[in-house]
Amino acid sequence: MDERFNRWLLPPLLALLFLLIVYQYVSPACPGAACPRRPPASAARRGGGPEEREEEEEAAAMPRLAAKFPFARGELCRRGRVDMRGRHGVVFLHIQKTGGTTFGRHLVRNIHLEQPCYCRAGQKKCACHRPGGDKDTWLFSRFSTGWSCGLHADWTELTSCVPAAMERRGCAGNRTLR
């Protein structure tokens, strides 16, 4: 009996299992009526139709998520100036898994400034000095000062560590870092 099972029944069962697994990965994420339908691009250009009204009704019926921390428009749109020649500076708070490493690299390598950061080939840290200065730095980040406040320092650690770290680096004028 075991030999017949292995020869005739096992291969079709394995094939069926394989097809079920492949279907799970290839099939659409929400089959049938669970998927919200999008109107074709031509219908959107024409001004919609019954499908568009149906989608609007579905959207109105769905519960809206309330903003957990609503910010005023003025707060979101305010502008600040960094006086690089003066005493201002930028402290880069790196939050893991948010693209912070890529952004930090762009900050030292690709930003167009009067005096761009100086990066040597093969080194991870770059020198980001103020225009007209050789010691004073305007950027406090992993790629300019290293891990001066520890690996992935959070807001609390940075606010207590940055002034002391900048004084150790010889940047005594940097007391008003923002």
Side-chain angles (χ1 to χ4, degrees), residues 21 24-31 34-38 41 44 55-178:
I21 292 171
Q24 177 184 356
Y25 287 105
V26 175
S27 67
C30 49
C35 287
R37 289 185 294 160
R38 287 189 165 167
E55 280 186 24
E56 289 174 2
E57 290 171 5
E58 286 178 14
M62 293 176 69
R64 296 259 177 190
L65 296 176
K68 195 170 187 176
F69 303 106
F71 293 100
R73 187 171 189 84
E75 279 185 58
L76 295 174
C77 297
R78 70 178 174 186
R79 296 190 183 266
R81 290 188 55 90
V82 177
D83 181 17
M84 290 179 59
R85 291 185 173 276
R87 297 168 32 138
H88 290 176
V90 175
V91 178
F92 178 64
L93 172 62
H94 179 253
I95 301 171
Q96 298 177 54
K97 305 295 180 193
T98 59
T101 302
T102 304
F103 181 75
R105 276 195 204 110
H106 284 297
L107 201 56
V108 296
R109 293 186 181 158
N110 301 330
I111 192 166
H112 296 289
L113 300 169
E114 183 180 333
Q115 181 177 341
C117 296
Y118 174 71
C119 302
R120 288 187 189 159
Q123 288 192 346
K124 292 185 180 182
K125 290 192 319 185
C126 301
C128 298
H129 299 298
R130 294 184 186 281
D134 287 338
K135 290 185 180 179
D136 206 9
T137 185
W138 63 271
L139 177 64
F140 189 90
S141 78
R142 162 188 172 186
F143 293 104
S144 63
T145 59
W147 297 106
S148 302
C149 292
L151 183 67
H152 296 298
D154 63 7
W155 174 261
T156 309
E157 291 170 317
L158 285 174
T159 53
S160 63
C161 168
V162 169
M166 293 305 277
E167 280 191 32
R168 281 194 308 268
R169 294 181 60 82
C171 305
N174 275 343
R175 287 215 169 256
T176 57
L177 284 170
R178 298 172 198 257

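Because only heavy atoms are used, hydrogens play no part in the values below, and waters and symmetry mates are left out as well, while side chains stay in. All values derive from a computational prediction rather than experimental measurement.
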Quick one: closest heavy-atom pair of [X] and [Y], and the distance?
X      : Y      : value
Ile95  : Thr98  : O-OG1, 2.6 Å
Pro131 : Glu114 : CB-OE2, 3.8 Å
His152 : Glu157 : O-OE1, 4.2 Å
Phe140 : Cys149 : CZ-SG, 3.7 Å
Phe143 : Lys124 : CD2-O, 3.4 Å
Val108 : Leu139 : CG1-CD2, 3.5 Å

- Query: Distance from Thr145 atom OG1 to Lys125 atom NZ, nearest 0.5 Å?
  - Reply: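 So the OG1 of Thr145 and the NZ of Lys125 are separated by 7.0 Å.
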- Hey, could you give me the CG/CZ distance between Leu107 and Arg109, rounded to the nearest 0.5 Å? 11.5 Å
Kindly say whether [Y] contributes a backbone atom to a donor-acceptor pair with the side chain of [X] at under 3.5 angstrom?
X      : Y      : result
Arg142 : Trp147 : no
His88  : Val82  : no
Glu167 : Ala164 : no

- What do the steps show when you test Arg130 against Arg85 for side-chain contact (heavy atoms from CB on, under 4.5 Å), and what is the final call? CA-CA 6 Å; Arg130 294 184 186 281; Arg85 291 185 173 276; over 6 Å; no
- Given the rule in the side-chain contact (heavy atoms from CB on, under 4.5 Å) test, do Thr137 and Met166 qualify, once you have shown the distances and angles that lead to the verdict? CA-CA 9 Å; Thr137 185; Met166 293 305 277; 3.2 Å; yes
- Task: Can you spot which of Ser144, Ser141, Cys119 makes a side-chain contact (heavy atoms from CB on, under 4.5 Å) with Cys128?
- Result: Ser144
- Task: Determine, stepwise, if the pair Cys117 / Trp138 fulfils side-chain contact (heavy atoms from CB on, under 4.5 Å).
- Result: CA-CA 10 Å; Cys117 296; Trp138 63 271; 4.1 Å; yes
- Query: Would Trp155 and Leu93 satisfy side-chain contact (heavy atoms from CB on, under 4.5 Å), going step by step from the backbone distance to the final call?
  - Reply: CA-CA 7 Å; Trp155 174 261; Leu93 172 62; 4.3 Å; yes
